[in-house]
Amino acid sequence: MGAVVAALAAGCAVLAVFLSGDAVRPDRPDLEVTLVAAALVLAALLAFGKSRGTKISALVCAAGATGWAIYCLSTDLGSGTPGSSTAVLVVAAVVSLVAVALPRPARWWLAIPLAVVLAAGTVTAVTVVPALAVRSTTATAVAAPALADKVATSPWKWTSPAKVLDVVAAGAGVAVAGSGGEVTALDGPTGAVRWTYARPGAHVRALVPTPDRLLLLAVYAPGDGGTDRHHLTVLDAFTGVPLQEKLIEDVHGADLLAPTSAVLPSLAHLGDGNFRVDALDLRGGNTRWSWQAPAGCVSPFALPASGRDVVLAPLLCQDRLSVLGLDERTGTPRWEHRLPVTRPSDEKADYYLHAAPGGGTVSLALRYSGLATGDNTDVVLDAATGTIVSTMDPRAPKRVTLGPVAVSERDENGKITAATLDGGVAVDLAACPDRRAHATTPTAYLRLCADPGGKLVVHRQELDGSTASSLPVDWPSPDDTTIGLLSSRARHALVPAPGALVAARGGDAPVLGFPATG
């Protein structure tokens, strides 16, 4: 009976080879898991032998496999992104070791409980162990406050238990990514902690809200950082409840994630400079649709960008250079911004695509030597319809990513010489000679500025020309000046969020929130 149980355990070990290893072991079959499974199969075969030597050999194989399986599981749990494969492997290895150690002939009342333990342990390992890497608290759903515009002068202050990596507007306030694999949601008006989600040992690679700020995408890399896959967790931004977990391709930063309110697009290389767009349903977890260029055309590479409910897709054909707005529900083109091509060129086409924070507008800057004219190469479009909202000067493109008001900046040799807000209001550059971060609201242009002494203030320039104002930012001197925020790769962030204007700095400085008034 012992040999039979050992054979059953070997079968579970083989099953483990095909189970998920999550981001820490993204490849199936994984080499270490396969070798341990092979050792357990060998132990089971030797267990059927009659001689003392074969029993000792079976014990040696099972003991070695058990030790290595336990080591693999501990490594996986420490990475913050464990799958179920090594957990099942440990269960199989321990049961196999006990089974081959049973005296011969083994009584059924000794072997049957082992088989029950094997079955129960396998089910538990598959369903429970991957969740052991998560530490979380949740909150009840609330109504989202309006995005902050006018704010109070006295801020709330929250100090992260780990170094701050990023701050984004989501849910009822902001979400903060920390260096310990932590994501913490803060209430906008008060700064109180609403919920937490952490994978100790893992690294947060990106933290991105959907345009409607209802969902939050947290991307984790395993602690050793040695794989080419990452773990995506989609969280309800109000409650912190995980809606789905997914293994995705390597993500180096937030610019590779551009969700709509319902899907996350990704690019699959088809060869010859052509890419397919796949849309992952953020709530269901399945691929909702795929789109690729029609015959005779290609879809060149461009960093992904999305409107509130459309995915932007580049298109290059013999007669046109285009950007399509694909409907998030179906993947069918809703609109096309088309530029005529007079002569095909071997030079690659360049697409610079950006979306406003709420996804209402998108900016396009298109470059290709075969274009018939230079008209409408630099435009801001309504994301829902593709209608041209305004054109851009290529020498001073509009930055739509700052908020509801775009900023056009003229740059000469790395220095901004002039800047204009939508509506023609000139930016007072002298008021903020050392800008660290900036954002816009419906009524103002906000800049985080440093004075010659190093003190920081939030400078507010009103769009209606009324008197400017400033708010002091009380931060200690930085201990580490090398930490850039994930979403901008800059050191500082200024975030108009639900209920508060939030200022953050990468590293160990506290997060400050100026509550909204009126």
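Note that the numbering runs from 1 along the sequence shown for the chain.
Contact detail for Pro265 and Val277: the closest heavy-atom pair is CB-CG1, 4.1 Å. Pairing each heavy atom of Ala383 with each of Val310, the nearest pair is O-CG2, 3.2 Å. Taking all atoms of both residues into account, the shortest heavy-atom contact from Trp291 to Ala313 is CZ3-CB, 3.7 Å. The minimum heavy-atom distance between Val389 and Leu381, with the atom names listed, is CG2-C, 3.8 Å. Across every non-hydrogen atom of Arg229 and Ala23, the tightest pair is O-CB, 3.7 Å. Here the shortest heavy-atom pairing between Pro333 and Leu324 reads CG-CD1, 4.3 Å.
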Side chains of residues 424-438: which donor-acceptor partners sit under 3.5 Å, not counting sequence neighbours?
residue	atom	partner	partner atom	Å
Asp428	OD1	Ala430	N	3.3
Asp428	OD1	Ala431	N	3.4
Asp434	OD1	Arg436	NE	3.2
Asp434	OD2	Arg436	NE	3.4
Asp434	OD2	Arg436	NH2	3.0
Arg435	NH1	Glu409	OE2	2.7
Arg435	NH1	His438	ND1	3.3
Arg435	NH1	Tyr445	OH	3.3
His438	ND1	Tyr445	OH	2.8

N/O donor to acceptor pairs below 3.5 angstrom from side-chain atoms of residues 155-162, sequence neighbours left out:
residue	atom	partner	partner atom	Å
Trp156	NE1	Gly188	O	2.8
Ser160	OG	Ala162	N	3.1
Ser160	OG	Ala162	O	2.6

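Take Ala172 and apply the side chain to side chain contact (heavy atoms under 4.5 Å, CB included) test, not counting sequence neighbours, and it matches Val142, Pro145, Asp187, Arg194, Phe238. The side chain to side chain contact (heavy atoms under 4.5 Å, CB included) test applied to Asp422 returns Lys398, Val405, Ala406, not counting sequence neighbours. Listed by chain and number, the residues in a side chain to side chain contact (heavy atoms under 4.5 Å, CB included) with Gln318 are Pro344 (sequence neighbours excluded). With sequence neighbours left out, Tyr197 forms a ring-ring contact (aromatic ring centres under 6.0 Å, His included) with no residue at all.
No more than 12 heavy atoms of other residues, nucleotides or ligands sit less than 6.0 Å from atom CZ of Arg329.
Side chain to side chain, Asp166 and Ser487 meet the donor-acceptor criterion of an N or O pair below 3.5 Å. Under the 3.5 Å distance criterion, with hydrogens and angles disregarded, a donor-acceptor pair is assigned to the side chains of Arg460 and Thr443. No side-chain donor from either of Thr332 and Asp327 sits under 3.5 Å from a side-chain acceptor of the other. Looking at Arg399 and His354, their side chains never bring a donor and an acceptor atom within 3.5 Å of each other. Under the 3.5 Å distance criterion, with hydrogens and angles disregarded, a donor-acceptor pair is assigned to the side chains of Ser290 and Asp278. A donor-acceptor contact closer than 3.5 angstrom is absent between the side chains of Thr387 and Asp382. Counting only N and O atoms by type, the side chains of Glu245 and His231 include a donor and acceptor under 3.5 Å apart.
Remark: side-chain polar atoms of Trp195 are paired, donor with acceptor, to backbone N or O of Ala237 under 3.5 angstrom. Distance alone, capped at 3.5 Å, is enough to place a donor-acceptor pair between the His337 side chain and the Asn376 backbone. Remark: side-chain polar atoms of Ser179 are paired, donor with acceptor, to backbone N or O of Lys163 under 3.5 angstrom. A donor-acceptor pair under 3.5 Å is absent between the side-chain atoms of Ser261 and the main chain of Asp309, judged by distance alone. A side-chain donor-acceptor contact under 3.5 Å links Trp289 to the backbone of Glu328. Of the possible polar contacts, none joining the Lys246 side chain to the Thr233 backbone as a donor-acceptor pair under 3.5 Å is found. The closest donor-acceptor contact from the side chain of His203 to the backbone of Gly223 lies under 3.5 Å.
Arg367 is listed as a side-chain neighbour of Thr377, based on a closest heavy-atom distance under 4.5 Å. Considering only heavy atoms from C-beta on, Leu446 stays 4.5 Å or farther from Thr440 through its side chain. Considering only heavy atoms from C-beta on, Arg25 stays 4.5 Å or farther from Asp27 through its side chain. Contact annotation: the side chain of Leu371 approaches that of Val341 to within less than 4.5 Å [non-hydrogen atoms, C-beta and beyond]. Considering only heavy atoms from C-beta on, Val458 comes within 4.5 Å of Leu501 through its side chain. Looking only at side-chain heavy atoms (C-beta outward), Leu312 and Leu364 come within less than 4.5 Å of each other. Between Arg447 and Gln461 the shortest side-chain heavy-atom distance falls below 4.5 Å. Under the 4.5 Å side-chain criterion, counting only non-hydrogen atoms from C-beta, Leu353 is not in contact with Val362.
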Q | Intermediate values then yes/no, side-chain contact (heavy atoms from CB on, under 4.5 Å), Val168 and Val495 | A | CA-CA 7 Å; Val168 298; Val495 183; over 6 Å; no
Q: Begin with the C-alpha distance, continue with both residues' side-chain angles, and end with the deciding distance and a verdict on salt bridge (Lys or Arg N to Asp or Glu O under 4.0 Å) for Glu462 and Lys150.
A: CA-CA 11 Å; Glu462 303 291 346; Lys150 303 284 187 179; 3.6 Å; yes
Q.
Assess the residue pair Val183 and Val176 against the criterion (side-chain contact (heavy atoms from CB on, under 4.5 Å)); give the C-alpha distance rounded to whole Å, side-chain angles, the decisive distance to 0.1 Å, and a yes or no.
A. CA-CA 5 Å; Val183 176; Val176 183; over 6 Å; no
Q. Where do Leu280 and Gln244 land on the side-chain contact (heavy atoms from CB on, under 4.5 Å) test, with the steps shown first?
A. CA-CA 11 Å; Leu280 173 70; Gln244 71 150 309; 4.2 Å; yes
Q: Show your reasoning for whether salt bridge (Lys or Arg N to Asp or Glu O under 4.0 Å) applies to Arg199 and Asp22.
A: CA-CA 13 Å; Arg199 288 180 167 270; Asp22 207 86; 5.5 Å; no
Q) Could you go step by step and tell me if Thr260 and Val311 meet the side-chain contact (heavy atoms from CB on, under 4.5 Å) rule? A) CA-CA 7 Å; Thr260 68; Val311 174; 3.7 Å; yes
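With Val380 as the partner, the side-chain contact (heavy atoms from CB on, under 4.5 Å) test is satisfied by one option alone out of Ile388, Val400, Thr391: Val400.
Here the straight-line distance linking atom CZ of Arg491 with atom CG of Leu485 works out to 8.0 Å at 0.5 Å rounding. Atom CG in Leu339 sits 7.0 Å away from atom OG1 in Thr373 (nearest 0.5 Å). One distance of note links OG1 of Thr417 with NZ of Lys415; it measures 8.5 Å at 0.5 Å rounding. One finds the OH atom of Tyr220 at 13.0 Å from the NE2 atom of His230 (value rounded to the nearest 0.5 Å). Considering SG of Cys297 and CG of Leu315, their distance stands at 5.0 Å, rounded to 0.5 Å. Note: Leu326 CG to Ser306 OG = 9.0 Å, rounded to the nearest 0.5 Å.
Salt bridge annotation for Glu336-Arg320: present, with a cationic side-chain nitrogen under 4.0 angstrom from a carboxylate oxygen.
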